[in-house]
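The chains referred to below are lettered A, B, ... by the order of the sequence lines, with proteins before strands, and numbering in each begins at 1. The structure presented is a predicted model; accordingly, all values stated were derived computationally and were not measured.
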2 protein chains.
Amino acid sequence: MGRSYHQFCGLARALDVVGDRWSLLIVRQLLVGPARYTELLAGLPGIATNLLADRLRQLEDAGVVEKGPADRAGASAYALTSWGEGLRGPVDGLIRWSVPLMARGPGNDRFQLEWLALALPALLTGRRASHTIGIDIDGELLQVRATSRGVEVARHDGRELEGVLHADAWTVLGLASGAVTLGDAGASFVVDGDAEAVRALFETPGPSAPRKQRERPRQRR
Amino acid sequence: MGRSYHQFCGLARALDVVGDRWSLLIVRQLLVGPARYTELLAGLPGIATNLLADRLRQLEDAGVVEKGPADRAGASAYALTSWGEGLRGPVDGLIRWSVPLMARGPGNDRFQLEWLALALPALLTGRRASHTIGIDIDGELLQVRATSRGVEVARHDGRELEGVLHADAWTVLGLASGAVTLGDAGASFVVDGDAEAVRALFETPGPSAPRKQRERPRQRR
DNA sequence: CCGCATCCTCATGGATACTG
DNA sequence: CAGTATCCATGAGGATGCGG
């Protein structure tokens, strides 16, 4: 374990657990879903194998991660505990905070589709419309389902899509964060199918939107 | 700068900026308010002076922190930029996530009153009642003002207090997180003045509050 | 193959002394 | 007061080994 801060403060105690290098990125991978050691290794470009092993042990000891039983191939899956799942909020918050950092584009940085699957629900909060659309990035098709409970992103499972957005990862992030709008001329994307469904997802103003005060006494429950 | 992860992912880019050791704790200090170098040093027990200087430079370069002009005493104050202020959400989230880590009590860890001033608004979200109470910890009096816009905590400024809670930091955190209730027998705290105002702050079930079986409100004294 | 453990090198962190 | 400079300890990164 990296050294403790020895401060009786929630943030310091949290960072004692997930503040070491790579720890939160491992959590990020597991927020997408359970994964085996080599899948984690592949999803965390740049990590050293010993560090992954160390961090997984730390996180397991702390109760953030749990290791499933090994199958006969010797492969055991790592997953978040329910407490570990609780990191989704802070992680989503950091993803939203990082929008200005993503605006400069990918540069030479590595990219994985699953990171976008994590970022989209974080960025597309409060969408009211209920739609299922696809996002095609370099031939890989993501399926984005907006419901009243939030936005779910997964690989396309064959479900019928109302529309499909073809773009690169940068553009998709720009759209999701509002830096790019579907009306932008010259932006490099194509929409197939029901453009309205795609617009409903990306063009809803976020929490900063002026709310029309259509008044009806609020009927609770 | 700590090494970049070189990943085109919001979380990784965020951690490139605030993921180094001590960085988020410096942000924590500045979320309470602007501070000078030596104040930061005092509020961050354990940090080395060269690290504080390094981290401040990094954060300044990244646009998280800005350094005010030096007065004639050579003292310049550091403050968060508006983007840096945006870290309050993720930090609050981590503080809420860390509640189970705080439950084991302070142990030998250092404690500062201002950390509580940061934790209380994070934990006491969604309070509807409008009250101003005091919290007395070892003779230091905090003033907690709950309004419709949230909870503000500061040192007591002489304002009239509806009630005062006398307790230690651990107990206050326990109350704020719901682990301790004002009805608990044997818990070591005392309420002066309007106990109802104090209850209104601490006993409203927040979104994260464990909903036990419905209990008749215990009339305290 | 998968899931690590070991070894080695070098960058980063930590403690303290010192300076404009 | 607000940092530098210095020196040592620790942790990260990369290659490779090795048992199951």
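For A/K67, whose side chain is taken as the heavy atoms from C-beta onward, the closest listed nucleotide among C/dC4, D/dG3, D/dT4 is C/dC4.
Evaluation of the side chain to side chain donor-acceptor pair (under 3.5 Å) rule for B/W115 yields B/Q29 as partners, not counting sequence neighbours. Residues that satisfy the side chain to side chain donor-acceptor pair (under 3.5 Å) test with A/H166, not counting sequence neighbours, are A/D136, A/D192. The side chain to side chain donor-acceptor pair (under 3.5 Å) test applied to B/D54 returns no partner, not counting sequence neighbours. Residues forming a salt bridge (Lys or Arg N to Asp or Glu O under 4.0 Å) with B/E152 (at least two apart in sequence, or on another chain): B/R145.
A heavy atom closer than 4.0 Å to some atom of DNA chain C occurs in no member of residues 28-37 of chain B.
For the pair B/L56 CG and D/dC1 C1', the computed distance is 14 Å after rounding to whole Å. Rounding to whole angstrom units, NE2 of residue B/H6 and P of D/dA12 are separated by 17 Å. Taking atom CD of residue A/E60 and atom P of nucleotide C/dG3, one finds them 14 Å apart after rounding to whole Å. In this structure, CG of A/L25 is placed 11 Å from P of D/dG13, rounded to the nearest angstrom. Taking atom CG of residue B/L41 and atom P of nucleotide D/dG3, one finds them 10 Å apart after rounding to whole Å. Regarding A/L52, its CG atom lies at a distance of 15 Å from the C1' atom of D/dG14, rounded to whole Å. The distance from atom CG of B/L15 to atom C1' of C/dT12 is 17 Å, rounded to the nearest whole Å.
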### Task
Using the side-chain contact (heavy atoms from CB on, under 4.5 Å) rule, take B/I135 and B/V153 through it: C-alpha gap first, then chi angles, then the decisive distance, then the call.
CA-CA 10 Å; B/I135 299 182; B/V153 182; over 6 Å; no
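Classified by interplanar angle (parallel below 30°, tilted 30° to 60°, perpendicular above 60°), the ring pair B/W97/A/W83 is parallel.
Taking 4.0 angstrom as the limit, B/T38 places none of its side-chain polar atoms (N or O) nearer than this to OP1 or OP2 of D/dC1.
Annotation: A/F8 is not in aromatic contact with B/W170 [ring centroid separation under 6.0 Å not met].
A/Q112 contributes atom CD, which lies 12.0 Å from atom CG of A/L116 (distance to the nearest 0.5 angstrom).
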Under-3.5 Å N/O pairs linking protein and nucleotides 13-17 of chain C:
| from | atom 1 | to | atom 2 | distance (Å) |
| --- | --- | --- | --- | --- |
| C/dG13 | OP1 | B/R55 | NH1 | 3.3 |
| C/dG13 | OP1 | B/R55 | NH2 | 3.2 |
| C/dG13 | OP2 | B/R55 | NH2 | 2.5 |
| C/dG14 | OP1 | B/R21 | NE | 2.5 |
| C/dG14 | OP1 | B/R21 | NH2 | 3.4 |
| C/dG14 | OP2 | B/W22 | NE1 | 2.9 |
| C/dA15 | OP2 | B/G46 | O | 3.2 |
| C/dA15 | N6 | B/N50 | ND2 | 2.7 |

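With a 6.0 Å radius and a threshold of 12 heavy atoms from other residues, nucleotides or ligands, A/D138 has its CG atom at or below the threshold.
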